[in-house]
Novice: 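Below are the structure tokens for one structure; questions will follow.
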Amino acid sequence: SFKMSGMPCSDSLPAEFLLRLEKIVGPPNLAGVVGSFAEVKTTTVRVNTLKTTVSRVLEQLTAAGITCQAATDSIPEALLVPWADRDRLTRLPHVENGHIFIQGLASVLATRVLDPQPGEWVLDLAAAPGGKATHIAQQMQNQGKLSVVEPIRKRMFVLADILKRYGVTIAKTYLIDGRKVGGKTPNRFDRVLLDAPCSGEAMFRTGQPETWRYWSLRKIAEQSRKQLGLIKSAFLSLKPGGVLLYGTCSFAPEENESIVSRLLEQFPGNAELKPIELPIENWQPGLTEFESERWPAVMSECRRLLPDRNVYEFFLAKILKNEPTR
């Protein structure tokens with residue numbers, strides 16, 4: 001055992017995290033969720049249809065001796081590859097030439113829920129390393145405009161390189177803190193994706209303390225302050241009738257339901273939560289209470305993906321803007 005934030009920890013997962021997790025996912029789901037942190041994950045491959053076709057990639061992977069299957073009928077571009085084939089997969093030229101993106105299924109689902117359309121103006125507010133941005137451009141068939149924001153210069157160069165490699169021609173990159181965007185470009189975008197920086201609880205791995213080295217309740221509180229600034233900026237930048245998709249890879253309600261609820265409170269009647277359809281079954285509705293916090297019943301329209309062999313945990317909220325904001 002070792003100590004973190006003054007709290008004793010088992011070597012498998014932080015004790016404090018496990019106590020919170022039971023309250024979040026509920027006792028019936030707890031064993032499955034905890035077990036998922038030890039599971040060897042399937043690799044998700046997203047075929048980049050800006051450069052190739054799903055059938056061509058399927059043929060090429062099969063010829064290379066790599067087993068793959070469709071992740072779900074409704075997302076033909078997402079393929080599942082067993083972990084045992086991952087090494088062989090990464091050695092193929094497909095990643096280097098922008099034909100496939102190795103990307104978590106939860107991320108692919110998020111951009112599908114955002115549902116960007118050709119001809120729209122879309123904003124990705126925390127875009128690096130670029131998996132979701134390239135998928136957005138793919139869904140838009142490279143028609144319209146895509147603004148991608150990243151505040152860290154080094155990550156911005158990597159992002160720009162990835163957009164180019166994957167054949168994205170509609171994107172412009174902006175080196176700016178996402179919290180400033182709403183004030184500079186109010187009421188502008190048809191859709192905004194905010195995959196917010198978070199405490200990264202979905203990435204914990206059993207018996208690997210380095211995966212939660214920086215985790216603490218203080219870290220969660222710190223991230224939630226940043227998320228609040230980002231979600232407000234994202235909402236301000238939406239045009240009336242526009243849609244914001246907010247997501248994190250954290251279980252913590254302080255980073256999820258609490259953030260969305262505070263946005264709804266700040267823009268009553270204007271920010272409206274919309275239902276989310278998912279093509280997988282392992283999800284639960286957003287919480288309406290956690291510890292001493294209470295949120296409106298409409299928070300159940302949010303979705304928390306429950307992790308399993310194929311998917312990491314992810315929280316999603318889809319928000320419609322009804323009126324212009326000043």
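Side-chain atoms are counted along with the backbone in the values below, which use heavy atoms only and exclude waters and symmetry mates.
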Novice: Do L305 and Y312 have side-chain heavy atoms sitting under 4.5 Å apart?
Specialist: no

Novice: Mind checking whether F204 and F251 have ring centres under 6.0 Å apart?
Specialist: no

Novice: Do H135 and E77 get their side chains close enough for a donor-acceptor pair, meaning under 3.5 Å?
Specialist: yes

Novice: Go through the steps to decide whether S250 and E255 satisfy the test side-chain hydrogen bond (donor to acceptor under 3.5 Å, both in side chains), and finish with yes or no.
Specialist: CA-CA 7 Å; S250 168; E255 300 182 70; 2.8 Å; yes

Novice: Cation-pi check for F235 against K321: NZ or CZ below 6.0 Å from the six-membered ring centre and within 45 degrees of the axis, yes or no?
Specialist: yes

Novice: Report, as yes or no, whether the 6.0 Å neighbourhood of atom CD on E281 holds more than 12 heavy atoms from other residues, nucleotides or ligands.
Specialist: no

Novice: Has E323 got more than 12 heavy atoms of other residues, nucleotides or ligands less than 6.0 Å from its CD?
Specialist: no

Novice: If you count the non-hydrogen atoms of other residues, nucleotides and ligands that lie under 6.0 Å from NZ in K41, is the total more than 12?
Specialist: yes

Novice: What is the distance from atom CG of L105 to atom CG of L80, rounded to the nearest 0.5 Å?
Specialist: 6.5 Å

Novice: Using distance alone, with no hydrogens and no angle criterion, decide if S107 and K132 have a side-chain donor and acceptor under 3.5 Å apart.
Specialist: yes

Novice: How about R165: does its CZ atom have over 12 heavy atoms from other parts shown lying under 6.0 Å from it?
Specialist: yes

Novice: So for atom NZ, which belongs to K232, do other residues, nucleotides or ligands contribute more than 12 heavy atoms lying within a distance under 6.0 Å?
Specialist: no

Novice: Could you go through R191 and L245, starting from their C-alpha distance and side-chain angles, then the distance that decides it, and tell me whether this counts as side chain to side chain contact (heavy atoms under 4.5 Å, CB included)?
Specialist: CA-CA 8 Å; R191 292 175 209 261; L245 188 74; over 6 Å; no

Novice: Can you tell me how far the CG atom of L18 sits from the OG atom of S12, to the nearest 0.5 Å?
Specialist: 6.5 Å

Novice: Tell me, with the steps shown, if C68 and V81 meet side chain to side chain contact (heavy atoms under 4.5 Å, CB included).
Specialist: CA-CA 5 Å; C68 49; V81 171; 3.8 Å; yes

Novice: Among R225, R20, R218, whose salt bridge (Lys or Arg N to Asp or Glu O under 4.0 Å) with E254 holds?
Specialist: R20

Novice: In terms of side-chain geometry, is the basic nitrogen of D85 or R88 positioned less than 4.0 Å from the acidic oxygen of its partner?
Specialist: yes

Novice: Apply side chain to side chain contact (heavy atoms under 4.5 Å, CB included) to E150 and T173, showing your working.
Specialist: CA-CA 8 Å; E150 170 53 45; T173 53; over 6 Å; no

Novice: Any side-chain donor paired with an acceptor under 3.5 Å for R46 and T134?
Specialist: yes

Novice: Should the pair K219-E201 be classified as a salt bridge under the 4.0 Å nitrogen-to-oxygen rule?
Specialist: no

Novice: A quick test of your reading: do over 12 heavy atoms of other residues, nucleotides or ligands sit less than 6.0 Å from CD of E210?
Specialist: yes

Novice: Are E120 and K239 ion-paired here, with the side-chain N under 4.0 Å from a carboxylate O?
Specialist: no

Novice: How close do K51 and G167 get, counting heavy atoms only, and between which atoms?
Specialist: CE-N, 4.0 Å

